[in-house]
Amino acid sequence: MRAVTLDSVPQTPALADVPTPRPEAGEVLVRVAASSINGFDAATAAGYLQGVMEHRFPLVVGKDFAGTVEALGEGVEGFTTGQAVFGVVMKPFLGTGSLAQYVTVPAGYGIAPIPDGLSVQEAGALGLAGTAALDSVTAVAPAEGESVLISGATGGVGALAVQLAAARGARVIATARPGAEADFVTGLSDATVHLVDFTGDLPAQVRALAPQGVDAVLHLAGDGVQLAGLLRPGGRLASTLGLSADAVDGVTVHAIMADTNARTLGSLAAQAASGALRVPVTATYPLEQAPKAFADFGAGALGKLAVTCS
């Protein structure tokens with residue numbers, strides 16, 4: 001099968017032919033129709049996960065997947081061949097990723113049905129970013145009217161978090177540069193989104209909107225310690241970038257590791273299918289152009305970059 005692979009790290013991902021995987025006991029073989037690029041994939045290619053997770057070469061990259069069940073491993077229940085599914089590849093090693101024509105995934109975690117009303121392209125860009133966004137918003141639990149600063153609002157996780165926080169009635173303050181970034185972020189929700197330019201005096205801009213400090217911060221990009229300093233005393237911060245409670249005082253810090261369980265995936269899919277949540281796909285690439293998608297991601301593309309794999 002055709003897949004996007006790495007022979008070593010750090011390395012630029014490239015298209016290659018690799019054997020089609022077979023499902024082991026407890027696994028599902030999915031014929032992948034769509035995937036997407038995540039920060040985790042870029043970090044893998046850059047070699048940042050060396051020593052953190054086992055790497056098996058040639059390493060097929062990719063976390064998100066959407067497609068149809070091709071075959072079932074021994075003992076798998078709850079899925080049928082031909083069923084439309086999506087999710088996130090969750091294995092204790094790196095090597096059998098989803099930027100490929102086929103992928104095997106555990107049947108018990110990281111996979112859920114695609115509901116009617118959700119396109120396969122949207123499903124293939126929703127799993128990891130959507131879970132990270134939902135887990136982050138849930139962790140800081142903004143009440144209606146509370147202020148939430150979202151740093152990294154133009155990325156896939158941030159764009160979904162803006163919508164999820166606004167849906168809870170939070171007063172959203174989001175980082176975006178004037179121009180295309182600002183237009184993208186303000187177009188994510190019908191609610192008012194207050195913008196701050198992270199290339200300027202960020203603390204002054206945030207204090208102008210929240211003089212006593214914001215109630216919550218989502219640390220998806222930028223300097224976590226600086227962002228924590230913009231919280232009111234007793235505020236809450238959720239970080240997907242490893243900021244620890246030891247680094248700051250007087251606030252609650254939640255370290256986020258996306259929990260891609262079937263319930264969370266199902267909730268996100270239902271919201272997206274109903275139109276309550278928009279999957280922010282801004283560009284789509286065929287599998288052959290996945291290396292370009294990685295380059296565009298690294299250059300700061302907005303939202304989610306989808307990849308068609310079939």
Side-chain angles (χ1 to χ4, degrees), residues 3-16 32 35-65 87-100 103 105 110 124-136 150-161 175 198 218-225 227 238-244 247 254-260 280-283 285 287 289-307 309:
V4 180
T5 67
L6 301 165
D7 292 324
S8 63
V9 291
Q11 189 180 80
T12 300
L15 200 66
V32 184
S35 182
S36 73
I37 309 298
N38 287 290
F40 187 95
D41 307 317
T44 299
Y48 298 154
L49 298 178
Q50 289 188 88
V52 178
M53 296 182 70
E54 177 189 355
H55 290 48
R56 297 182 183 178
F57 298 102
L59 189 155
V60 179
V61 292
K63 298 292 284 183
D64 288 326
F65 68 88
V88 182
V89 180
M90 299 298 290
K91 294 183 179 181
F93 63 90
L94 298 174
T96 57
S98 59
L99 282 165
V103 67
V105 296
L126 178 60
L128 188 56
T131 301
L134 182 57
D135 287 354
S136 296
I150 301 177
S151 179
T154 59
V157 178
L160 290 159
T175 59
F198 61 88
L218 300 191
H219 173 219
L220 313 176
D223 184 336
V225 173
L227 294 167
S239 174
T240 61
L241 301 178
L243 183 71
S244 69
H254 301 274
I256 303 299
M257 295 289 290
D259 180 4
T260 60
V281 173
T282 57
Y285 305 74
L287 187 62
Q289 292 183 15
K292 184 178 187 305
F294 271 90
D296 291 346
F297 181 91
L302 302 175
K304 291 290 296 179
L305 303 183
V307 178
C309 299

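Residue indices begin at 1 and follow the sequence shown.
- Taking Asp296 as the reference, Lys292 meet the salt bridge (Lys or Arg N to Asp or Glu O under 4.0 Å) condition, with sequence neighbours excluded.
- Here the CG-OG distance, from Asp41 to Ser35, works out to 7.0 Å after rounding to the nearest 0.5 Å.
- In this structure the side chain of Asn38 reaches within 4.5 angstrom of the side chain of Lys304, judged on heavy atoms.
- Using a 4.5 Å heavy-atom cutoff, the side chains of Thr154 and Thr175 are not in contact.
- Residue Asp223 holds its CG atom at 8.5 Å from CG of Leu243, rounded to the nearest 0.5 Å.
- Heavy atoms only, all atoms of each residue included: Phe297 and Gly39 are closest at CZ-N, 3.5 Å.
- Applying the side-chain hydrogen bond (donor to acceptor under 3.5 Å, both in side chains) test to pairs two or more places apart or on separate chains, those with a residue in residues 43-55 are Glu54-Arg56.
- To the nearest 0.5 Å, the span separating OG on Ser36 from CG on Leu128 amounts to 8.0 Å.
- Minimum heavy-atom separation, Ala293 to Leu305: O-CD1, 3.5 Å.
- In terms of heavy atoms, Gly97 sits closest to Val103 at O-CG2, 3.4 Å.
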Checklist line | Test log, rule side-chain contact (heavy atoms from CB on, under 4.5 Å), inputs Leu59 and Thr5 | finding: CA-CA 5 Å; Leu59 189 155; Thr5 67; over 6 Å; no
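- Taking all atoms of both residues into account, the shortest heavy-atom contact from Asp135 to Ala258 is OD2-CA, 3.6 Å.
- Taking every heavy atom of both residues into account, Ala45 and Leu6 meet most closely at CA-CD1, 3.7 Å.
- Checking side-chain atoms of Ser98 against main-chain N and O of Asp64 turns up a donor-acceptor pair under 3.5 Å.
- Note that CG of Leu227 and OG of Ser151 are 4.5 Å apart. Values are rounded to the nearest 0.5 Å.
- Residues meeting the side chain to side chain donor-acceptor pair (under 3.5 Å) test with Thr96, sequence neighbours left out: Lys91.
- Taking every heavy atom of both residues into account, Phe40 and Leu49 meet most closely at CZ-CD1, 3.5 Å.
- Between Met257 atom CE and Thr131 atom OG1 the span is 12.5 Å, to the nearest 0.5 Å.
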Item checked: Derivation of the side-chain contact (heavy atoms from CB on, under 4.5 Å) call for Leu99 and Phe294 -> CA-CA 11 Å; Leu99 282 165; Phe294 271 90; 3.8 Å; yes
